[in-house]
Amino acid sequence: MSEKTIFKKIIDREIPASVVYEDEQCLAFHDVRPEAPTHVLVIPKKEIASLNHLTAEDEALIGHLWSVIPRLANELGLKNGYRVVVNCGPDAGQTVDHLHFHLLGGRNMTWPPG
Ligand code: 5GP
């Protein structure tokens, strides 16, 4: 069996994280190396390696994650806007092979991203 990712270990409470939201399908916690005043990772509890690994049966799950994100942004006080980023694959800089949505806010975001 392949080794658990760091995010699976967080889901299984084998390593600590600053959790801000949890339900049956997903977990959200503060990024350990924040790139903005608010930097939260929203992840499905189901082990999906990346966007490229989604299947048709994940559509409802992904819809659920997208509905959690704006509610969470509101609860975190991101009244002036926020950015959601998904890095997919090496060119995008994905470092953890468990699908995650970066929710970033609390400062002005530049465009184009780096
Ligand atoms: P990626 O680069 O794959 O898009 O994003 C992975 C993110 O996970 C990075 O922003 C990194 O700081 C964060 N991260 C890596 N290990 C941990 C950890 O153990 N705990 C938390 N809370 N975040 C982590």
Side-chain angles (χ1 to χ4, degrees):
M1 217 164 114
S2 61
E3 190 168 327
K4 284 185 183 184
T5 66
I6 197 94
F7 291 171
K8 178 61 176 161
K9 289 179 184 170
I10 288 173
I11 292 165
D12 291 344
R13 300 305 203 266
E14 290 172 10
I15 62 168
S18 176
V19 172
V20 293
Y21 176 80
E22 179 170 21
D23 63 28
E24 279 185 4
Q25 299 180 80
C26 69
L27 186 68
F29 52 90
H30 287 285
D31 195 294
V32 79
R33 284 183 295 277
E35 299 290 353
T38 298
H39 185 172
V40 163
L41 300 168
V42 184
I43 69 172
K45 289 186 172 175
K46 180 178 175 183
E47 288 182 276
I48 300 170
S50 79
L51 273 186
N52 282 342
H53 294 78
L54 289 175
T55 66
E57 74 170 25
D58 299 319
E59 281 180 11
L61 171 61
I62 296 308
H64 177 68
L65 287 174
W66 277 115
S67 76
V68 165
I69 287 168
R71 272 193 277 138
L72 202 48
N74 185 52
E75 282 167 21
L76 292 167
L78 303 177
K79 310 282 184 215
N80 212 36
Y82 54 89
R83 182 171 289 173
V84 181
V85 173
V86 181
N87 294 321
C88 182
D91 273 5
Q94 182 177 1
T95 58
V96 180
D97 291 335
H98 184 118
L99 179 62
H100 49 284
F101 293 71
H102 296 259
L103 169 57
L104 299 143
R107 66 166 169 82
N108 258 299
M109 304 285 159
T110 58
W111 193 265

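Note that ligands are numbered from 1 as they come in the structure, with each ligand's atoms numbered from 1 the same way.
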Out of D97, V40, D31, the nearest non-hydrogen contact to atom 7 (C) of ligand 1 is supplied by D31
Below 4.0 Å from any atom of ligand 1, is there a heavy atom belonging to [X]?
X: H102; result: yes
X: H100; result: yes
X: G93; result: yes
X: I10; result: yes

Using a strict cut-off of less than 4.0 Å between a Lys/Arg side-chain nitrogen and an Asp/Glu carboxylate oxygen, indicate whether [X] and [Y] qualify as a salt bridge.
X: E24; Y: K46; value: no
X: E35; Y: R107; value: no
X: E47; Y: K4; value: no

If we count only N and O atoms by modelled type, under 3.5 Å, do the side chains of D23 and H64 hold a donor and an acceptor together? yes
Regarding H39 and H30, do their side chains bring together a donor and an acceptor under 3.5 Å, going by distance alone? no
When rounded to the nearest 0.5 Å, the distance separating CD1 of I62 from OG of S67 is 11.0 Å
What about [X]: any of its N or O atoms under 3.5 Å from an N or O on ligand 1?
X: N87; answer: yes
X: Q94; answer: no
X: V96; answer: yes
X: F7; answer: no

Do me a favour and list the nearest non-hydrogen protein atom to [atom] with residue, atom name and distance?
atom: atom 14 (N) of ligand 1; answer: V32 CG1, 4.0 Å
atom: atom 3 (O) of ligand 1; answer: T95 N, 2.6 Å
atom: atom 19 (O) of ligand 1; answer: I6 CG1, 3.4 Å
atom: atom 22 (N) of ligand 1; answer: H30 O, 2.9 Å
atom: atom 15 (C) of ligand 1; answer: R33 NH2, 4.0 Å

List the steps, then state whether side chain to side chain contact (heavy atoms under 4.5 Å, CB included) holds for H98 with I43.
CA-CA 8 Å; H98 184 118; I43 69 172; 4.1 Å; yes
Next on the checklist: Evaluate E14 against K8 for salt bridge (charged side-chain N to carboxylate O under 4.0 Å, His left out), listing each step before the verdict.
Outcome noted: CA-CA 9 Å; E14 290 172 10; K8 178 61 176 161; over 6 Å; no
Report task. Give the intermediate values and the outcome of side chain to side chain contact (heavy atoms under 4.5 Å, CB included) for residues L65 and F101. Result -> CA-CA 9 Å; L65 287 174; F101 293 71; 3.6 Å; yes
- Query: Can you tell if the side chain of L76 reaches within under 4.5 Å of the side chain of Y82, non-hydrogen atoms only?
  - Reply: no
Contact region, L41 to ligand 1, non-hydrogen atoms below 4.0 Å, reads side chain
